[in-house]
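Remarks on the structure that follows.
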Protein chains: 2
Amino acid sequence: MATTETRAEPLSIGEVAERTGLSVHALRFYERGGLLVGPVQRTAGGRRRYTAVDVDWLLICVKLRESGMPLADLKRFAELVRHGPGNEAERLQLLDAHQQRVEAQIQALEECRSVIAWKVGVYAEYLARGEADGLWDPTV
Amino acid sequence: MATTETRAEPLSIGEVAERTGLSVHALRFYERGGLLVGPVQRTAGGRRRYTAVDVDWLLICVKLRESGMPLADLKRFAELVRHGPGNEAERLQLLDAHQQRVEAQIQALEECRSVIAWKVGVYAEYLARGEADGLWDPTV
DNA sequence: CTAGGAACTAGAGCGAGGTCTAGATCAAGT
DNA sequence: ACTTGATCTAGACCTCGCTCTAGTTCCTAG
């Protein structure tokens, strides 16, 4: 899962924001909340310097968040990774549980989609008929 | 989209909660917020009596909400319906826009799913190998 | 008649997930 | 040296979507 653009030099918070889609605020917020695996390096002047590994982790985070994983779970996952080898089973379990939630979510959404599509169809047909007769009022 | 169980008698708020999956709190909250099409009937004593039409509308609401439509949009839709015939084009537009968001959401989720599946695979394989060598530590 | 459960109202409270502010510092260009 | 813009911290604040509370009233069964 290496970033295609293999960067050796560390990035500033702004650059990371750009690459991950997270705001700089969110990046600091995540860090404060312990969602990062390691502490981010700093320059002499105190600015954050993100490595490629940091960015890869954040990209994973983004995907997990995007698919609805709560920050608390993300934090737990980060803790496990931070803690080092030996807890891979728990990490797997966490991911696996999430994966199932995502599957369920997709299913639910597909169901919604079909209900909505049906309704869109009802209106589209009504309008296509040119409202020839206002006799049928789709109240629902 | 008639409820399979065609009921003539109106239902109490508790019964509607059961049938829609919304809490009684949420039902009152939705009503206050103007998310219902018409005012709900009341008994002499002031209790709400929901008709089959009310319930059908709520079931649609549930699907729209479940798929991420904000309450504000739902409210707008209810207003249009309440306003009566003549604005079907706008209703269609609203639904159509939402439908597209749902499609996009499903796509995004599927992408997330594959990223997660990949990660699950990485851990599963690692564990299956029996951690024969701790040389490879999946830090990401 | 009485007890107990369901419903009523208005409004406060809550959890999640950030976002924004203030005031200060750092760093690069001219 | 000076200006400009990105970053820094800690903490206040915000939106969304309910949920819960308090105090009261309704209604049904015993």
Side-chain angles (χ1 to χ4, degrees), chain A residues 9-36 39-51 54-55 58-78 98 101-102 105 108 112, chain B residues 9-36 39-51 54-55 57-78 98 101 105 108 112:
Chain A
E9 314 87 74
L11 303 171
S12 73
I13 195 168
E15 292 168 319
V16 173
E18 232 174 81
R19 278 163 180 73
T20 58
L22 295 164
S23 71
V24 297
H25 292 301
L27 283 169
R28 292 195 276 245
F29 172 72
Y30 278 21
E31 185 175 340
R32 267 199 270 174
L35 276 75
L36 271 52
V40 177
Q41 300 295 321
R42 301 291 184 120
T43 65
R47 273 87 197 285
R48 293 172 178 80
R49 313 266 68 200
Y50 293 83
T51 67
D54 293 331
V55 174
L58 282 167
L59 289 171
I60 294 276
C61 286
V62 165
K63 285 299 175 197
L64 292 173
R65 281 290 305 126
E66 217 176 288
S67 50
M69 181 182 280
L71 292 186
D73 289 16
L74 214 38
K75 179 175 177 178
R76 177 72 187 134
F77 188 33
H98 182 61
R101 276 187 305 250
V102 173
Q105 219 182 135
C112 294
Chain B
E9 314 89 74
L11 303 171
S12 74
I13 196 168
E15 291 167 319
V16 173
E18 232 173 79
R19 278 163 181 72
T20 59
L22 295 164
S23 71
V24 296
H25 292 299
L27 283 169
R28 292 195 277 245
F29 172 72
Y30 277 21
E31 186 175 340
R32 267 199 273 174
L35 276 73
L36 270 52
V40 177
Q41 301 295 322
R42 300 291 183 118
T43 64
R47 272 86 196 285
R48 293 172 178 81
R49 312 266 67 198
Y50 293 82
T51 66
D54 294 331
V55 175
W57 172 257
L58 283 166
L59 290 172
I60 295 276
C61 287
V62 166
K63 284 300 177 196
L64 292 173
R65 280 289 307 124
E66 217 176 287
S67 50
M69 181 182 281
L71 292 186
D73 289 15
L74 213 37
K75 179 176 177 177
R76 176 77 187 129
F77 189 32
H98 182 60
R101 276 188 304 251
Q105 218 184 137
C112 293

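Throughout, a chain's letter reflects where its sequence line sits, starting with A, and its residues are numbered from 1.
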Which nucleotides of nucleotides 18-30 of chain D have their base under 4.0 Å from a protein heavy atom (B), which only their sugar-phosphate (S), and which neither (-), written as one string 5' to 3'?
-> BBBB---BBS---
Measure from CD on A:Glu31 to C1' on D:dT9 and round the result to the nearest Å.
-> 12 Å
May I ask you to say what A:Arg42 touches in the nucleic acid, namely base, sugar-phosphate or nothing, with a heavy-atom cut-off under 4.0 Å?
-> sugar-phosphate
B:Ser12 vs C:dA7: side-chain N/O to OP1/OP2 distance below 4.0 Å | yes
Here the gap from A:Thr20 atom OG1 to A:Leu58 atom CG, rounded to the nearest 0.5 Å, amounts to 6.0 Å
Value in whole Å for how far the P atom of C:dG17 lies from CE of A:Met69 | 11 Å
When rounded to whole Å, the CZ to P distance for the pair A:Arg49 and C:dC26 reads 15 Å
Value in whole Å for how far the C1' atom of C:dG17 lies from CG of A:Leu35 = 11 Å
To the nearest 0.5 angstrom, please state how far the OG atom of A:Ser23 sits from the CZ atom of A:Arg28.
-> 8.5 Å
Under the ring pair (Phe, Tyr, Trp, His ring centres under 6.0 Å) criterion, do B:Trp57 and B:Tyr50 qualify, and how do the steps go?
-> CA-CA 11 Å; B:Trp57 172 257; B:Tyr50 293 82; over 10 Å; no
Side-chain ion pair, B:Glu66 and B:Lys63, N-O less than 4.0 Å = yes
Between CG of B:Asp73 and CG of B:Leu35, what distance do you get to the nearest 0.5 Å?
-> 10.0 Å
Could you pull out all residues at least two apart from B:Arg49 that satisfy side-chain contact (heavy atoms from CB on, under 4.5 Å)?
-> B:Pro10, B:Ser12, B:Gln41, B:Thr43
Does a side-chain N or O from B:Arg48 land closer than 4.0 Å to OP1 or OP2 of C:dT9, or not?
-> yes
Rounded to the nearest Å, what distance is computed from the CD atom of residue A:Glu18 to the P atom of nucleotide D:dA6?
-> 11 Å
